[in-house]
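For reference, positions follow the sequence shown, starting with 1. The figures here come from the full heavy-atom set of this structure, side chains too, leaving out hydrogens, waters and symmetry mates.
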Amino acid sequence: MRYAVLGTGIVGRTVATRLLSLGHEVVIGTRNPGATLDRAEYAAWQRANPAAGLAPFAEAARLGEVLVNATGGQVSVAALTEADAAHLDGKILIDIANPLDFSRGFPPGLDPVDSDSLGELIQRTFPGLRVVKTLNTMNCQVMVDPGRVPGAHTVFLSGEDAGAKKAVRELLYSFDWSEHSVIDLGGIESARGTEMLLPVWLRLMGTLGHTDFNFHIQGANRTE
C-alpha cells in the first residue's frame, strides 16, 4: 500500500517509520520540502529512512492510496486544502490529529470542541474523503507499538464509512493492536469525545511524568 503521511513532526515521522517497517511505500507531505529538509531533525530522519518520499501536500495526496493526517490540528484544513480535493475524493483519511489551541498558553484548549470536532470539520469540508478518526488519544510511540503500555488498553474508531473503518482496523492490527482493544464508537461525530480526552491526557502526562500510558475501557468485551 502507498501511504501519504501529511505532516513532518514527530507524530508523522513515527507513523511513517512504522509503515515503512511493514513494507508499505510512504511519501511525506509538507508545505515546503526544501524548508523541511533544512530542519535538522527531519533531515536526520530522512537519512535514516531513505525509502520515504517527500513532496508538497498536493503531490503527496495524489500519490497516496491512503492518507494520514498528522498535521497540527489548527492547520489541518489548510493543509488538506493545499492537497487539493481532486486528490482526496474517494480516499481514506486516517485522522490522528487533535485541534490543540495554544492561544492561551499551556495546557492548550481545543478548537473546535464540544458541539463539533476536527474529525467532523474535515469530513464536512472534504465530503469526498472517507475520514476515520483514530489513535489520537495516546502518544505517537504507543500508536505504533501498543506493547509499550503493559496490559490491556484501548484504541477508538470514529467514522461514517464502514469499509474505511474496516481497512483502518486491519492497519491497527498490523501495528499489533489486538482485536479486543479496538472499539468502534460509531459515526464521525463521536470524534468529539475522543478529542476531548486530550485535556485529561495532558494532565496525566504531567502527573505521571511520562507518556507510556493509555486509556482502557474495562468491561468493553463483556458478554451478556
**OP:** May I have the step-by-step check of side-chain contact (heavy atoms from CB on, under 4.5 Å) for M138 and H153, ending in yes or no?
**Re:** CA-CA 11 Å; M138 65 200 74; H153 52 108; 5.8 Å; no

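- The distance from atom OG1 of T17 to atom CD1 of I10, rounded to the nearest 0.5 Å, is 8.0 Å.
- Using a 4.0 Å cut-off between a side-chain N of Lys or Arg and a carboxylate O of Asp or Glu, D176 and R18 qualify as a salt bridge.
- Other residues, nucleotides and ligands place no more than 12 heavy atoms under 6.0 Å from the CZ atom of R203.
- Between L80 and I122 the shortest side-chain heavy-atom distance falls below 4.5 Å.
- Smallest separation of non-hydrogen atoms from T8 and R39: OG1-NH1, 2.7 Å.
- Clustering of Ile, Leu, Val, Met, Phe, Trp and Tyr by side-chain heavy atoms under 4.5 Å joins V27 with L63.
- Between G187 and S158, the shortest heavy-atom distance links the atoms O-CB, 3.7 Å.
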Subject >> Test log, rule side-chain contact (heavy atoms from CB on, under 4.5 Å), inputs H87 and L67 >> reply: CA-CA 10 Å; H87 300 143; L67 313 179; over 6 Å; no

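- Listed for the E82 side chain is no donor-acceptor partner under 3.5 Å among the backbone atoms of A58.
- When the side chains of ILVMFWY residues are joined at heavy-atom separations under 4.5 Å, either directly or via intervening members, V182 and L22 end up in a single hydrophobic cluster.
- Note that CG of D116 is 6.0 Å distant from CZ of R192, once rounded to the nearest 0.5 Å.
- Here the straight-line distance linking atom CZ of F215 with atom CG of L197 works out to 4.5 Å at 0.5 Å rounding.
- For E120 (side chain) and S117 (main-chain N/O), a donor-acceptor pair under 3.5 Å exists by modelled atom type.
- Remark: side-chain polar atoms of E195 are paired, donor with acceptor, to backbone N or O of L118 under 3.5 angstrom.
- A distance-only check finds no donor-acceptor pair linking the side chain of Q74 to the backbone of F102 [under 3.5 Å].
- Using a 4.5 Å cut-off between side-chain heavy atoms of Ile, Leu, Val, Met, Phe, Trp and Tyr, with links allowed through other members, L172 and I188 fall into different hydrophobic clusters.
- Shown here is E170, whose CD atom has more than 12 heavy atoms of other residues, nucleotides or ligands within 6.0 Å.
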Subject >> Worked check of side-chain hydrogen bond (donor to acceptor under 3.5 Å, both in side chains) between T36 and T30 >> reply: CA-CA 7 Å; T36 297; T30 184; 2.7 Å; yes

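- A donor-acceptor contact shorter than 3.5 Å is absent between the side chain of N98 and the backbone of L100.
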**OP:** Could you walk me through whether V132 and D161 pass side-chain contact (heavy atoms from CB on, under 4.5 Å), step by step?
**Re:** CA-CA 8 Å; V132 179; D161 188 297; 6.0 Å; no

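- Residues M143 and W177 are members of one and the same hydrophobic cluster, defined by side-chain heavy-atom contacts under 4.5 angstrom among Ile, Leu, Val, Met, Phe, Trp and Tyr.
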Original post:
Yes or no on ring pair (Phe, Tyr, Trp, His ring centres under 6.0 Å) for F213 and W201, after CA distance, side-chain angles and deciding distance?
Top reply: CA-CA 9 Å; F213 63 90; W201 188 93; 5.2 Å; yes

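- Linking ILVMFWY side-chain heavy atoms closer than 4.5 Å, directly or via other members, places Y173 and V144 in a single hydrophobic cluster.
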Original post:
Taking it one step at a time, do V155 and F175 satisfy side-chain contact (heavy atoms from CB on, under 4.5 Å)?
Top reply: CA-CA 12 Å; V155 59; F175 284 179; over 6 Å; no

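- How far NE2 of H216 is from OG of S181: 10.0 Å, rounded to the nearest 0.5 Å.
- Remark: T211 OG1 to N139 CG distance equals 3.5 Å, nearest 0.5 Å.
- Proximity of a side-chain donor or acceptor of N214 to a complementary backbone N or O of T154 within less than 3.5 Å is detected.
- Proximity of a side-chain donor or acceptor of K165 to a complementary backbone N or O of L157 within less than 3.5 Å is not detected.
- For the atom pair I96 CD1 and L93 CG, the distance stands at 9.5 Å (nearest 0.5 Å).
- In terms of modelled atom types and a separation under 3.5 Å, the side chain of S174 and the main chain of L171 share a donor-acceptor contact.
- For residues 37-66, the set of pairs meeting the ring-ring contact (aromatic ring centres under 6.0 Å, His included) definition, not counting sequence neighbours, comprises Y42-W45.
- L20 and L37 fall within a single hydrophobic cluster, where Ile, Leu, Val, Met, Phe, Trp and Tyr side chains are chained together by heavy-atom contacts under 4.5 Å.
- In this structure, F126 and D89 have side chains that are not in contact, with every pair of non-hydrogen atoms separated by 4.5 Å or more.
- Between the side chain of N49 and the backbone N or O of A51 there is no donor-acceptor pair closer than 3.5 Å.
- Scanning all heavy atoms of the two residues, the minimum distance from A60 to A55 falls at N-CB, 4.0 Å.
- Distance alone, capped at 3.5 Å, places no donor-acceptor pair between the K133 side chain and the F156 backbone.
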